There are 2 protein chains.
Amino acid sequence: MSKCEQCIIRQFNSLKALTKDELVRISACKTSKTIKKGEVLFEEGEHINGVFCIKDGVCKVSKMSENGRDQIIHLIKKGDLLGERSLINDEASNLKAVAVNDMEVCFIPKEEIVRDLEKNPNFTMDILKNMASSLKEADNVIVDMAQKTVKQRLAATLLYLNDKFPKRENGSIDVHLTREDVANIIGTATESAIRLLAEFKKKEFIKLKGKEIFVIDTTNLKQIAQGL
Amino acid sequence: MSKCEQCIIRQFNSLKALTKDELVRISACKTSKTIKKGEVLFEEGEHINGVFCIKDGVCKVSKMSENGRDQIIHLIKKGDLLGERSLINDEASNLKAVAVNDMEVCFIPKEEIVRDLEKNPNFTMDILKNMASSLKEADNVIVDMAQKTVKQRLAATLLYLNDKFPKRENGSIDVHLTREDVANIIGTATESAIRLLAEFKKKEFIKLKGKEIFVIDTTNLKQIAQGL
DNA sequence: TTTAAAACATGATATTTGTCAGGTTTTGAG
DNA sequence: CTCAAAACCTGACAAATATCATGTTTTAAA
């Protein structure tokens, strides 16, 4: 079992604010898990009671709408923390998380890390800063969902994926999303997502090879995302 | 100038976590303002450098989309704090705030209250809890914007307004929103909002008298909001 | 009180998006 | 490898929504 105090992943999230002693204690109680593509990390309504530190892979975090369709709200990747909110309130999760690529994660139980939230102001402030930044990002998503067309949102999403996620050797985005996943990110019907992907392909803004997506023409995609 | 330590409004927000001494100090440096309907509290891109404590009235908090239309993201009312995020990061505001009714607000400068964020863990935790709850709420809004029809969103918004805002003596919701404001909350064209309001009126789910809105049939509005 | 601007309203029409139906291709378990 | 399930794709059509045009009513400033 690897040791948190030697793990470089923590540099990418709030765990970097923990002291060496705190990390040693956390290391002793954390569990490491391998999660295969398609497996569930947690369900809506479940009490998570801890945080996941993502060492590798990607998962989709979604919420079922009253209309019965899943809306993907976040994609969580290597270096991210998942489930911070479970440390702050005692509510059940309003979200579901499913692995999109195979994952390596560590799980830190709430009761061990909550103390640090109370005792280490650096850690608290870092969590607070992240929340503030997530909230700002959420504002942007709300505006985009409310005001942009499906085509604009797809263009923006492709740029986001291309920007934030690793590439395979051949240059495609290394995230195993189905067309339905893409539709559930932008909030549209699967058929609409497929049609627009085909349109972007035809215009040579992107290349498609099975589930692999290659972003080619960022300039034009940016223009479309902005509604020009 | 009224004193914070004697002000009951703070019971409704995170300021309740401050000690008496802290409140006395804050009281000495805060400024009270009257803001008339239509006046701007702050603009997008402005550095707020403090928090507003809303003693009375309502304001709309919005963000301009790339498409050039304003999206209202929050309605802030009596008892709420506005601008907490300015305490946490040093970025300019991504949002604009405009009074919708006449307002009474107090402004607490950042430099005076930031100390309390550092020194008083109760205050920090309360801010953190509020952020977590806002984030959860933002998730819900994203799902609704992405998945619900305009009609569903209007029904949900009417129920929200009816639930969260004071009523006038005659029973109408005491928030002075134009049709354009309503459209900018639900993310649609003004004409569409007008048409749907007329439809709800015809079906007697609501009553309209000028800008006054009376919610009558919550049962049917709930059904519509849920897409039944 | 007057009056120009803003807000409200409605019809006609265009565009976007969803739904349904029918196929083909890909995937992964056995 | 085989083959059923899942994912993908496309067309036709329906529904939702935006846009444009035009007229009326309300509001608030002079």
Side-chain angles (χ1 to χ4, degrees), chain A residues 36-39 60 65 67-71 98-102 144-155 157 172 175-202 206-213 224-225 227, chain B residues 36-39 60 65 67-72 98-102 144-157 172 175-202 206-213 224-225 227:
Chain A
K36 286 226 152 43
K37 189 179 69 174
E39 285 180 4
K60 55 182 175 182
S65 88
N67 293 11
R69 210 159 26 203
D70 230 28
Q71 178 64 35
V98 177
V100 153
N101 291 0
D102 292 346
D144 286 354
M145 286 295 178
Q147 302 278 3
K148 290 193 169 175
T149 65
V150 174
K151 192 184 286 191
Q152 286 180 286
R153 288 179 344 237
L154 176 60
T157 297
S172 70
V175 183
H176 192 95
L177 296 173
T178 65
R179 299 292 189 260
E180 188 180 7
D181 287 333
V182 173
N184 290 349
I185 293 171
I186 65 183
T188 191
T190 307
E191 294 95 325
S192 299
I194 289 173
R195 260 184 261 271
L196 288 169
L197 281 170
E199 180 185 330
F200 285 176
K201 178 187 175 180
K202 195 172 169 187
I206 60 174
K207 222 169 58 181
L208 298 173
K209 193 182 286 181
K211 258 180 259 300
E212 291 187 89
I213 300 175
I224 290 190
Chain B
K36 287 226 154 40
K37 188 180 69 175
E39 285 180 6
K60 55 182 175 183
S65 88
N67 292 11
R69 207 150 39 195
D70 229 28
Q71 177 65 34
I72 297 178
V98 177
V100 153
N101 292 0
D102 293 346
D144 286 355
M145 287 294 178
Q147 302 278 4
K148 290 192 169 176
T149 64
V150 174
K151 192 185 288 190
Q152 286 179 286
R153 298 198 310 256
L154 176 59
T157 297
S172 71
V175 182
H176 192 94
L177 296 173
T178 65
R179 300 292 188 259
E180 188 181 6
D181 286 334
V182 173
N184 290 349
I185 293 172
I186 64 183
T188 190
T190 306
E191 295 95 325
S192 299
I194 290 172
R195 262 184 259 270
L196 287 169
L197 282 171
E199 181 185 330
F200 285 175
K201 178 187 176 182
K202 195 172 170 192
I206 60 173
K207 222 169 60 183
L208 297 172
K209 192 182 284 177
K211 256 180 261 300
E212 291 187 88
I213 300 175
I224 290 189

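Protein chains get the first letters and strands the later ones, always in sequence-line order, with residue 1 at the start of each. All figures in this text were calculated on a predicted structure; none of them were measured in a lab.
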Distance-only, no hydrogens or angles: does the B/Lys148 side chain make a donor-acceptor pair with backbone N or O of B/Ala225 under 3.5 Å? yes
D/dT26 C1' sits how many Å from B/Leu208 CG, rounded? 15 Å
In this structure, how many angstroms lie between the P atom of C/dA9 and the CD atom of B/Glu199, rounded? 14 Å
Please state whether the phosphate of D/dA15, meaning OP1 or OP2, lies under 4.0 angstrom from any side-chain nitrogen or oxygen of B/Lys151. no
Would you state whether a donor and an acceptor, one from the side chain of B/Arg195 and one from the base of D/dT19, lie under 3.5 Å apart? yes
Measuring to OP1 and OP2 of C/dC8, would you say a side-chain N or O of B/Lys211 lies under 4.0 angstrom away? yes
Starting at atom NZ of A/Lys201, determine the distance to atom P of D/dC8, rounded to an integer number of angstrom. 13 Å
Expressed as a whole number of angstroms, how long is the span from A/Arg153:CZ to C/dG18:C1'? 13 Å
Rounded interatomic separation in angstrom, taking NZ from A/Lys148 and C1' from D/dA18: 18 Å
Strictly distance-based, threshold 3.5 Å: is any side-chain N or O of B/Arg179 a donor or acceptor partner for the main-chain N or O of B/Ile194? no
Just the rounded figure in Å: distance from C1' of C/dC8 to CG of B/Asn184. 15 Å
Verify, without hydrogens or angle tests, whether B/Asp102 (side chain) and B/Lys37 (backbone) share a donor-acceptor contact under 3.5 angstrom. yes
Any side-chain donor near an acceptor of the partner, A/Gln147 and B/Ser65, under 3.5 Å: no
Would the base of C/dC20 count as contacting A/Glu191 through its side chain, where contact means a donor and an acceptor less than 3.5 Å apart? yes
Would a distance-only check, ignoring hydrogens and angles, find a side-chain to backbone donor-acceptor pair under 3.5 Å from A/Asn184 to A/Asp181? no
Contact class for B/Thr188 vs. all strands (heavy atom < 4.0 Å): base, sugar-phosphate, or nothing? sugar-phosphate
5'-most by nearest nucleotide on DNA chain C - B/Leu177 or A/His176: B/Leu177
Protein-nucleotide distance (A/Lys209, atom NZ; D/dC9, atom P), rounded to Å: 15 Å
Side chain of B/Ile194 only, heavy atoms from C-beta on: which candidate in C/dT10, D/dT10, D/dT17 is closest? C/dT10
Rounded to the Å, how far apart are A/Asp181 CG and D/dA6 P? 15 Å
Mind checking if A/Lys37 touches a base, just sugar-phosphate, or nothing, with heavy atoms under 4.0 Å? sugar-phosphate
Assign each of A/Ala146 and A/Leu197 to its nearest nucleotide of DNA chain D by heavy atoms, then name whichever residue's nucleotide is nearer the 5' end. A/Leu197
Ranking C/dA7, D/dA18, C/dT17 by distance to the side chain of B/Ser192, first place goes to D/dA18
